[in-house]
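Below is one structure, written out as structure tokens, with a few remarks after it.
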There are 2 protein chains.
Amino acid sequence: MEAETANATDAFGIPVIPVIPSSSEAVRRKRRAIADAAAAEFLAEGFAAASMDAITSRAGVSKATVYKHFGTKERLFLAVIAGLLRETCAGHEPRASALAEAADLRAALIALTRDRAVLLLRPDVMALRRLVIGEIDRFPQLGRLWYRVTYDRYDGPLVEACTELARRGQLDVPDPVLAVQQLVAVTAGVPQLVHTFAPGTGRDPAELTRVVTSGVDLFLARYAAS
Amino acid sequence: MEAETANATDAFGIPVIPVIPSSSEAVRRKRRAIADAAAAEFLAEGFAAASMDAITSRAGVSKATVYKHFGTKERLFLAVIAGLLRETCAGHEPRASALAEAADLRAALIALTRDRAVLLLRPDVMALRRLVIGEIDRFPQLGRLWYRVTYDRYDGPLVEACTELARRGQLDVPDPVLAVQQLVAVTAGVPQLVHTFAPGTGRDPAELTRVVTSGVDLFLARYAAS
DNA sequence: GTCTATACCGCGATAGAC
DNA sequence: GTCTATCGCGGTATAGAC
């Protein structure tokens, strides 16, 4: 009844790389080196153009070792990119209470959306986003995972907070889900749209603050309780 | 002084495919067949994974013919994708006057942004967008061209219209460029963000109208003249 | 477990007949 | 101009020694 672990995937269709119980420190370091090298290669070249030879070179291991650990190029790609996705968004979830309990709602919204924009505009995050978007026809799991990681962890708490604020009469929000989408679109979404097609241009903190502030004021002009 | 036409590119870095003066009808049809086949293959597979053999098969010509006309895979890719980009956006520019002269500004904004959203959400346009985003590190020309085609042709007229409306006192817009970016983000940008990571899901016209209308109302709540 | 060496295939690009 | 046939290279994946 031993499961076929070589092709094992989780609920998202992301490969589960079996953890060898007797994992020595050297083995763990090699696996990490492979994952890091693969991440760099895939981010720079995309899936199809990435070379397994280049990955083994960068990692300082032989090709056979890579295939022993990860099976195929597809499995390596999915495991590594999904790992990047998860660790990128970890620790950046906004706490709904921080917004609902805030003394100055406008200031809290600005701080919150600005943090989000800074994260999304980081060059490595933008590169990861471009990679996922470009490969989405071949790896739809990554699209679903991205959606899940960003929307559930980020938009979800915001929707809760908006609902709570609406219940207390501090906001006038008929559709909290749509309102949160609009808030994100009008703050982080604006510079993101520009940077998506022009990598590595003009990331001026002051300009970002101006855009985010304007977006929050736009949001509040409609949704602040009268 | 005859220029080297084999590597010729235009101001954007897009290859200029020399038009043979004595182009017979059969030759023109073959070239079109190659371009169509290449577009389908590149959109489905991306640049690196696309096969020149598959393109020649689809087009019903030999490989030598493709190379005679387009030189290399890179040049074929750039020429074909840039062509798609240009023809996709052709005829969809909003006329600034249509907005400035509108009797009902709100209705005009809704119609305008809804048309834009319908265009951007078309499956073929979304696929093209994903391709350009995914290949932007290797073909930054396409990013610049996309930016130019969409922003100059679309946002530009809107900025003019907003400036005109502000001058007449019908809008209160301190920064027209930012305001237009916000308008687009909060209308077409909202469903686009969702569809980017979940291809081929839920394109309900009524829902789109609801989202766009809400976005326009959000825009007007801040920028309508008091 | 990890290495070296290699099998095997499909790729982009070209030569030369017609 | 267009074809068929082919070249050379680099790809993924594996076999077998240690």
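Atoms considered below: every heavy atom in the structure, side chains included; atoms not considered: hydrogens, waters and symmetry mates. Within every chain, numbering begins at 1; the chains are lettered A, B, ... in the order of the sequence lines, protein sequences first and strands thereafter.
In this structure, B:Arg29 places its CZ atom 16 Å from C1' of D:dG1, rounding to the nearest Å. In this structure, the CE atom of A:Met52 is 13 Å from the C1' atom of D:dT14, given to the nearest Å. Between A:Asp53 atom CG and D:dT14 atom P the separation is 15 Å, expressed in whole Å. A:Phe47 places its CZ atom 12 Å from the C1' atom of D:dG11, with the value rounded to the nearest Å. For the pair A:Ile55 CD1 and D:dG11 P, the computed distance is 11 Å after rounding to whole Å. Note: CZ (A:Phe77) to C1' (D:dT12) measures 16 Å, nearest angstrom. Between A:Lys68 atom NZ and D:dA17 atom C1' there is a gap of 14 Å when expressed in whole angstrom units. Distance, A:Glu74 CD to D:dG11 C1': 13 Å, rounded to whole Å.
Salt-bridge formation is detected for the pair B:Arg86/B:Asp10: a Lys NZ or Arg NE/NH1/NH2 atom is positioned less than 4.0 Å from an Asp or Glu carboxylate oxygen. Ionic pairing of B:Arg210 and A:Asp175 is present here: one or more N-O contacts between side-chain nitrogen and carboxylate oxygen are shorter than 4.0 angstrom.
Counting any heavy atom pair closer than 4.0 Å across all strands shown, B:Lys73 reaches sugar-phosphate atoms only and no base atom. B:Ala50 comes within 4.0 angstrom of sugar-phosphate atoms only, judged by non-hydrogen atoms across all strands, and of no base. Using a 4.0 Å heavy-atom distance criterion, B:Lys30 is classed as a sugar-phosphate-only contact.
Residue B:Thr65 has its side chain nearest to D:dC3 when only C:dA13, D:dC3, C:dT2 are considered. Listed candidates were C:dC3, C:dT2, D:dC3. Nearest to the side chain of A:His69 is C:dT2. Residue A:Tyr67 places its side chain closer to D:dT14 than to any other of C:dA13, D:dT4, D:dT14. Of the candidates C:dG12, D:dT2, D:dT12, the closest approach to any side-chain atom of A:Lys63 belongs to D:dT12. For B:Ala64, whose side chain is taken as the heavy atoms from C-beta onward, the closest listed nucleotide among D:dC3, C:dT14, D:dT2 is D:dC3. Nearest to the side chain of A:Val27, among D:dT2, C:dA13, C:dT2, sits C:dT2. In this structure, the nucleotide among C:dA13, D:dT12, C:dC11 sitting nearest to the side chain of B:Ser51 is C:dC11.
Judged by distance alone, with hydrogens and angles left aside, the side-chain atoms of A:Thr65 form no donor-acceptor pair with the main-chain N or O of A:Val61 at under 3.5 Å.
For B:Arg116 and B:Tyr154, the positive end sits near the middle of the six-membered ring, less than 6.0 Å away and at most 45° from its axis.
For B:Phe47 and B:Phe139, the ring centers are positioned less than 6.0 Å apart.
In this model, the phosphate group of D:dT2 is not approached by any side-chain N or O of B:Ser62 to a distance below 4.0 Å at OP1 or OP2.
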